[in-house]
Amino acid sequence: MTKSVRIAAWNVNSLKVRLPQVLRWLGEQAKADKPIDALCLQELKMSDDKYPHRELEAAGYLNLVAGQKTYNGVAIIVRRSALASMSSDIETTFINPIRNIPGNADEQQRILAATVCFSGLQPLRLVSAYFPNGQSPDSDKFAYKLGWLTALENWLKVELANNPRLALLGDFNIAPSDIDVHDPSKWIGQNLVSVDERAAFQRLIDLGLSDSFRMFEQVPKSFSWWDYRMMGFRRNAGMRIDHILLSDALKTKCSASLIDKEPRKWEQPSDHAPIIAEIQA
DNA sequence: ATGGCGACGTAACGTCGA
């Protein structure tokens, strides 16, 4: 019997508001016999003490959290029954956890990494990432974004050497190519698509990471984020800025990569859709 | 069409996201 896991990422834009949808999505995926074994969340917008451990544990998931009030905040959620040993202990489930980029002092909670051992699979190194937005190329926030990207690249080089089976999942706030933008002519040089950001994305690829989504045939105009304004979703005026990057060792094991637009259609949705990659043993 | 939506904090709007 072939063993596989589904790993996913979702920028929920406030877990306080979106918890019911996270639970619904996890439940529907499981019911459809496509359970999510690991879910990396971004933009929790809550401190650690507000995290809904109880509700998610009751649904069968264990949680590692790097929270922050108001902005940012990331988590890794794993399905207990998919683990190699059905632990209920966070310390033994999430091995070698890392919060933030080592050596890069930052108040903003944007990186959470841990190694997880699923039943039937070699250990997986999961990195839940919320890249800075950048606001606009002439802003201080953009300079922060570029500095952060360099720090990430330098850290991941080491992390990949130590953990060959690595997945980087989350909201990259970069549309890697013009086909990831609904109207590229309107976006030339702007935040999310600028030459500097795309060069930084390419440097991550050059470390030995692959954009799992582009390993498979996809329908044109596939996006992961749509502006709440201007009826962005209804017009499919979106961007593909959420990604699952896989190391070479995982790339060969990946059997599917997709964006699930369904939750974006629900009442009071996040502006991002969840993304999924399937990894075979 | 440069604001439009939505969440947050603090208490009727400003700030931020992308």
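Residue numbers start from 1 in every chain, and the chains themselves are labelled A, B, ... in the order their sequence lines are given, proteins ahead of strands. Because the structure is a prediction, the values reported are computed rather than measured.
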Asker: From the options B:dG4, B:dG17, B:dG9, select the nucleotide whose nearest atom is closest to the side chain of A:Lys69.
Answerer: B:dG9
Asker: Between A:Tyr228 and A:Asn191, who's closer to the 5' end of DNA chain B by nearest nucleotide?
Answerer: A:Tyr228
Asker: Within the 4.0 Å heavy-atom criterion, would you say A:Asn11 contacts the bases, only the backbone, or no part of the nucleic acid?
Answerer: sugar-phosphate
Asker: Between B:dC16 atom P and A:Arg229 atom CZ, what is the distance in whole Å?
Answerer: 14 Å
Asker: In whole Å, what is the span from the CD atom of A:Gln68 to the P atom of B:dG17?
Answerer: 11 Å
Asker: Would you kindly give the CG-to-C1' distance between A:Asn72 and B:dG17, to the nearest whole Å?
Answerer: 10 Å
Asker: Passes salt bridge (Lys or Arg N to Asp or Glu O under 4.0 Å), A:Asp260 versus A:Lys34? Steps please.
Answerer: CA-CA 12 Å; A:Asp260 184 2; A:Lys34 295 184 282 188; over 6 Å; no
Asker: For A:Trp25 and A:Trp10, take the angle between the two ring planes, folded into 0 to 90°, and tell me which bin it lands in: parallel under 30, tilted 30 to 60, perpendicular over 60.
Answerer: perpendicular
Asker: Determine yes or no for a side-chain-to-main-chain donor-acceptor pair under 3.5 angstrom, with A:Gln190 supplying the side chain and A:Lys186 the backbone.
Answerer: yes
Asker: When you compare B:dG3 with B:dG9, how far apart are their C1' atoms, in angstrom units rounded to a whole number?
Answerer: 23 Å
Asker: Could you work out the separation of B:dG14 and B:dG4 based on their P atoms and round it to a whole Å?
Answerer: 11 Å
Asker: Do any side-chain nitrogens or oxygens of A:Gln268 fall under 4.0 Å of OP1 or OP2 in B:dA7?
Answerer: yes
Asker: In whole angstrom, give the distance that lies between atom CE of A:Met230 and atom P of B:dG3.
Answerer: 12 Å
Asker: Ignoring hydrogens and angles, tell me if any N or O in the side chain of A:Arg18 forms a donor-acceptor pair with the backbone of A:Gln268 under 3.5 Å.
Answerer: yes
Asker: Given the rule that I, L, V, M, F, W and Y join up when any side-chain heavy atoms are under 4.5 Å apart, are A:Phe233 and A:Trp266 in one cluster?
Answerer: no
Asker: For A:Lys141 and B:dC16, is the shortest distance between a side-chain N/O and OP1 or OP2 below 4.0 Å?
Answerer: yes
Asker: Taking atom C1' in both B:dA7 and B:dA12, compute the distance separating them and give it to the nearest angstrom.
Answerer: 16 Å
Asker: Taking NZ from A:Lys45 and P from B:dT15, how many angstroms apart are they, rounded to a whole number?
Answerer: 16 Å
Asker: Choosing from B:dT15, B:dC5, B:dA7, which nucleotide comes nearest the side chain of A:Tyr71?
Answerer: B:dT15
Asker: Base, sugar-phosphate, or nothing for A:Phe233, non-hydrogen atoms under 4.0 angstrom?
Answerer: nothing
Asker: Would you measure the distance from the C1' atom in B:dG17 across to the matching atom in B:dT2 and give it in whole Å?
Answerer: 15 Å
Asker: OP1, OP2 of B:dG6 versus side-chain N and O of A:Ser14: anything below 4.0 Å?
Answerer: no
Asker: If you count every heavy atom of other residues, nucleotides or ligands that lies below 6.0 Å from A:Asn162 atom CG, does the total exceed 12?
Answerer: yes
Asker: For the C1' atoms, the ones on B:dC13 and on B:dA1, what distance do you get once it is rounded to whole angstrom?
Answerer: 24 Å
Asker: Taking atom P of B:dC16 as reference, at what distance in whole Å does atom CD of A:Gln135 sit?
Answerer: 6 Å
Asker: Identify which nucleotide among B:dG9, B:dA7, B:dG17 has an atom closest to any side-chain atom of A:Thr70, counting heavy atoms from C-beta outward.
Answerer: B:dG9
Asker: How close or far is atom P of B:dC16 from atom CG of A:Asn173, stated in whole angstroms?
Answerer: 15 Å
Asker: If you measure from the P atom in B:dT10 to the same atom in B:dC16, how many Å do you get, rounded?
Answerer: 15 Å
Asker: Hey, which of these two, A:Pro269 or A:Gln190, hits DNA chain B nearer its 5' end, going by closest nucleotide?
Answerer: A:Gln190
Asker: Taking only the side-chain heavy atoms of A:Arg18 (C-beta and beyond), determine which of B:dG4, B:dC16, B:dA7 contains the nearest atom.
Answerer: B:dA7
Asker: Starting at CH2 of A:Trp225 and ending at P of B:dC5, how long is that distance when rounded to a whole Å?
Answerer: 14 Å
Asker: Under 4.0 Å, heavy atoms only, any strand: does A:Asp227 hit a base, just the sugar-phosphate, or nothing?
Answerer: nothing
